[in-house]
Amino acid sequence: MPPPLPPSLPRHLRRRRFSTAPASHHPPPASRLAEQHCLRLLERSSTPAAVLQSLAFLLKSGLNSNPLVLTRLFASSACAAPALLEPLVAALLGPSVPIDAFLVNTLIRAHATSPFASARLCAAAFFPLMLRSAVLPNKFTFPFLLKACAALPGSPGVGLQAHAAALKFGFTTDQYASNTLIHMYSCFGGGFLGDARNVFDRMPKSSAVTWSAMIGGYVRGGLSSDAVGLFREMQASGVRPDEVTVLGLLAAAADLGALELARWVGRFVEREGIGKSVTLCNALIDALAKCGDVDGAVAVFQGMEERTVVSWTSVIDALAMEGRGKEAVGLFEEMKTVGVPPDDVAFIGVLTACSHAGMVDEGRGYFDSMKMEYGIEPKIEHYGCMVDMFGRAGMVEQALDFVRVMPMKPNPIIWRTLVAACRAHGRLELGESITKNLLNEYPAHEANYVMLSNVYALTQRWKEKSEIRREMSKRGIKKVPGCSIVELDGEVHEFIAGDESHPQWKEIYMMVEEMARELRRIGHISATSEVLLDLDEEDKEGALWWHSEKLAIAFVLLRTPGTQVRVVKNLRVCADCHAAIKCISRVYNREIIVRDRSRFHRFKNGSCSCNDFW
DNA sequence: CTAGGGTTAG
């Protein structure tokens with residue numbers, strides 16, 4: 001008898017127990033050789049011919065349900081187009097091939113994990129085939145099927161059918177299937193979070209996977225504070241969080257801008273010995289940066305012994321968010337030097353950094369190098385970075401030219417970027433005409449109305465402005481209210497422009513008035529003189545002094561002595577608030593950090609880290 | 001052959 005296994009055998013040794021490889025010295029069986037032959041064919045070339053050749057060999061050797069080969073087969077770039085995909089599947093399911101659960105499971109999974117949308121779209125379609133062939137699903141079927149459905153957020157109906165089938169065949173008590181159900185429903189969007197929660201509530205919560213699925217679902221649905229609440233319940237229940245749980249928590253912290261939470265997660269991971277994997281460090285960098293602690297994010301990056309392109313990109317994004325373009329570009333260069341080739345996402349990071357720091361020439365160089373040096377075809381996001389870069393720098397014509405030469409149809413984001421440039425640089429007629437076209441094409445998008453309404457306000461065309469308002473209410477379109485949050489003693493306080501729901505609202509409003517008096521005393525002039533610089537999406541009708549960030553700052557000034565003030569805002573800071581906060585930082589001698597919808601402003605001694613370039 | 005997860009233009 002072999003001695004019992006020690007409790008924590010190294011991973012590679014544990015794996016061996018599940019290996020299908022023969023333990024003895026016998027030569028590998030014929031099926032093994034055939035499998036390897038198929039894989040080699042696919043490795044050598046991904047042309048349709050090679051794929052077909054591999055398939056033919058597969059069928060000839062009776063390997064039709066070999067998961068390894070099938071997965072590679074459907075991951076081959078030849079399967080990007082339905083033209084090859086369909087005959088392939090038809091050949092696989094030919095009359096001479098017996099259909100069993102194993103084959104269908106493998107087909108579902110291979111399609112669901114294919115890098116090609118056309119293959120992923122039809123993954124779930126293999127399940128009906130199973131029913132038609134009177135084959136019973138096994139315990140592997142529903143985890144695969146439900147995950148395939150999760151990738152189709154546009155057609156939740158398929159997922160609902162899959163859930164019904166899981167019920168019918170009695171697999172909903174299975175933990176694996178139930179966890180995937182939670183995941184699937186939360187992928188269908190906010191309206192299905194209740195369904196996810198229903199599944200969650202009905203199952204035993206003995207595994208970290210169940211909790212992580214629900215926590216991740218809340219984050220995905222934009223309910224990050226519920227995610228944090230659920231994490232606290234999880235701790236109370238005694239289930240030990242693992243790495244994935246903590247990743248969800250970090251995403252929630254990043255979303256909420258909850259710096260203390262993000263830092264706590266960093267310590268928690270240390271304390272619980274969860275292990276700082278590369279993935280976890282990447283998430284930590286991202287969360288710290290999005291909570292305004294860029295230096296902390298850089299410190300985590302510096303401490304990593306192994307870094308992937310995602311780590312580099314995360315730290316470059318972190319620096320870009322604070323407008324530290326030179327440092328971001330420096331890291332991008334260092335990344336290339338140490339032999340990590342940038343991918344398309346890394347280029348978005350470095351282009352954003354250039355854009356936010358006014359480094360137009362550098363940005364142009366990087367954009368050109370994408371294709372020339374790395375063979376990466378720029379996507380619409382990269383063109384968007386360039387349009388933004390020219391626009392911010394006041395080169396509105398160049399921005400427009402870029403849109404004209406783009407090889408793809410400009411999307412609303414591109415147009416809105418242009419409009420922001422027009423507004424920032426006084427090109428109001430151009431901005432207005434672009435916005436009008438945009439409204440014709442996308443009448444349901446709230447931001448477009450607000451944009452046009454603000455253009456009218458800037459040009460003092462009040463009649464047109466009120467027409468826009470009427471049009472919005474007629475269509476039932478609501479403006480997202482400006483909202484700012486601050487964390488104080490582990491509690492999150494939320495402020496909405498002009499609202500009076502905070503228990504201390506009277507004191508806060510008195511404080512805001514006092515701030516206004518102080519600022520007037522030192523010569524700060526409100527609003528209108530800077531109106532052309534205003535990029536804000538917020539309604540200008542309300543008094544500028546009741547903007548949510550001012551309320552939040554007043555609250556923190558009231559409640560704390562000379563500490564740092566950190567505010568997270570859902571929209572962009574308007575020009576008046578920006579100018580006012582600069583003064584506040586001087587008059588009250590406080591460092592004030594405001595997280596925008598897109599970046600950070602660090603106010604100190606009357607100036608801002610963005611150098612008024614935003 | 002089983003579940004939950006990291007960076008992405010404004």
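Just so we're clear, the structure is a prediction, and the values are computed from it rather than from any experiment. Reminder, nothing fancy here: chain letters follow the sequence lines and each chain counts from 1.
- Rounded to a whole Å, the NZ atom of A:Lys147 is 9 Å from the C1' atom of B:dG4.
- Listed nucleotides: B:dG10, B:dG6, B:dG5. Nearest to the side chain of A:Glu243: B:dG5.
- Among the atoms of the strands shown, base atoms are found under 4.0 Å from some heavy atom of A:Asn411.
- One finds no salt bridge joining A:Lys139 and A:Asp174 here, because no Lys/Arg side-chain nitrogen approaches an Asp/Glu carboxylate oxygen to under 4.0 Å.
- A donor and an acceptor atom never sit less than 3.5 Å apart when one is taken from the side chain of A:Asp317 and the other from the base of B:dA9.
- Taking side-chain N and O atoms only, A:Arg416 has no distance below 4.0 Å to OP1 or OP2 of B:dA9.
- Within 4.0 Å of A:Thr308, counting heavy atoms only, lies at least one base atom of the nucleic acid.
- Rounded to whole Å, atom P of B:dG6 lies 13 Å from atom CD1 of A:Ile215.
- Of the side-chain N and O atoms in A:Lys139, none sit less than 4.0 angstrom from OP1 or OP2 of B:dA3.
- No hydrogens or angles considered: nothing links the side chains of A:Ser314 and A:Asp317 as a donor-acceptor pair under 3.5 Å.
- Of the inter-residue distances, the one linking A:Phe188 atom CZ with A:Asp195 atom CG reads 9.5 Å to the nearest 0.5 angstrom.
- If you take CZ of A:Arg307 and P of B:dT7, they are 19 Å apart, rounded to a whole angstrom.
- Classified by interplanar angle (parallel below 30°, tilted 30° to 60°, perpendicular above 60°), the ring pair A:Tyr383/A:Phe402 is tilted.
- Relative to the side chain of A:Asp388, the nucleotides B:dA9, B:dC1, B:dG10 differ in distance, and B:dG10 lies closest.
- Within the 3.5 Å criterion, the main-chain N or O of A:Cys610 finds no donor-acceptor partner in the side chain of A:His601.
- At the heavy-atom level, A:Asp242 lies under 4.0 Å from base atoms of the strands shown.
- Residue A:Asn138 is classed as a base contact, given a heavy-atom separation below 4.0 Å to a base.
- Nucleic acid contact for A:Ile316: none, since no nucleic acid atom lies under 4.0 Å from a heavy atom of the residue.
- Here the nucleotide nearest the side chain of A:Leu247, chosen from B:dG10, B:dG6, B:dT8, is B:dG6.
- Here B:dG4 presents its P atom at 15 Å from CE of A:Met234, a figure rounded to the nearest Å.
- Comparing atom distances between the A:Val278 side chain and each of B:dT7, B:dG6, B:dG10 picks out B:dG6 as nearest.
- Across the protein-nucleic acid pair, A:His382 atom NE2 and B:dT7 atom C1' stand 12 Å apart, rounded to whole Å.
- Note on A:Glu381 versus A:Lys379: no salt bridge recorded, every NZ/NE/NH1/NH2 to OD/OE distance being 4.0 Å or above.
- In this structure, the CE atom of A:Met321 is 11 Å from the P atom of B:dG10, given to the nearest Å.
- Not one side-chain nitrogen or oxygen of A:His356 sits closer than 4.0 Å to the OP1 or OP2 atom of B:dA9.
- By the side-chain hydrogen bond (donor to acceptor under 3.5 Å, both in side chains) test, A:Asp255 is found to be paired with A:Ser224, residues two or more places apart in sequence or in another chain being considered.
- With B:dG5, B:dT8, B:dC1 as the candidates, the nucleotide lying closest to the side chain of A:Val345 is B:dT8.
- For the side-chain hydrogen bond (donor to acceptor under 3.5 Å, both in side chains) test, no residue two or more places apart in sequence or in another chain qualifies with A:Ser114.
- For residues 177-186 of chain A, proximity to DNA chain B is found at A:Asn179, A:Thr180, A:His183, defined as any non-hydrogen atom under 4.0 angstrom from a strand atom.
- In the model, A:Glu243 has no side-chain atom that pairs as donor or acceptor with a side-chain atom of A:Thr279 under 3.5 Å.
- Side-chain atoms of A:Ser212 come within donor-acceptor range of the base of B:dG4, with a qualifying N/O pair under 3.5 Å.
- Across the protein-nucleic acid pair, A:Asp596 atom CG and B:dA9 atom P stand 14 Å apart, rounded to whole Å.
- Nearest to the side-chain atoms of A:Asn282 among the listed nucleotides B:dA9, B:dT2, B:dG6 stands B:dG6.
- Set against B:dA3, B:dT8, B:dT2, the side chain of A:Ser207 has B:dA3 as its closest nucleotide.
- Rounded to whole Å, atom P of B:dG5 lies 22 Å from atom NZ of A:Lys276.
- Among B:dC1, B:dG5, B:dA3, the nucleotide with an atom closest to any side-chain atom of A:Tyr176 is B:dA3.
- The listed nucleotides are B:dG10, B:dG4, B:dT8; the one nearest the side chain of A:Ala208 is B:dG4.
- Closest contact between the side chain of A:Arg109 and the listed nucleotides B:dG6, B:dT2, B:dA9 involves B:dT2.
- Listed pair A:Lys290 / B:dT8 meets the phosphate criterion, a side-chain N or O lying under 4.0 Å from OP1 or OP2.
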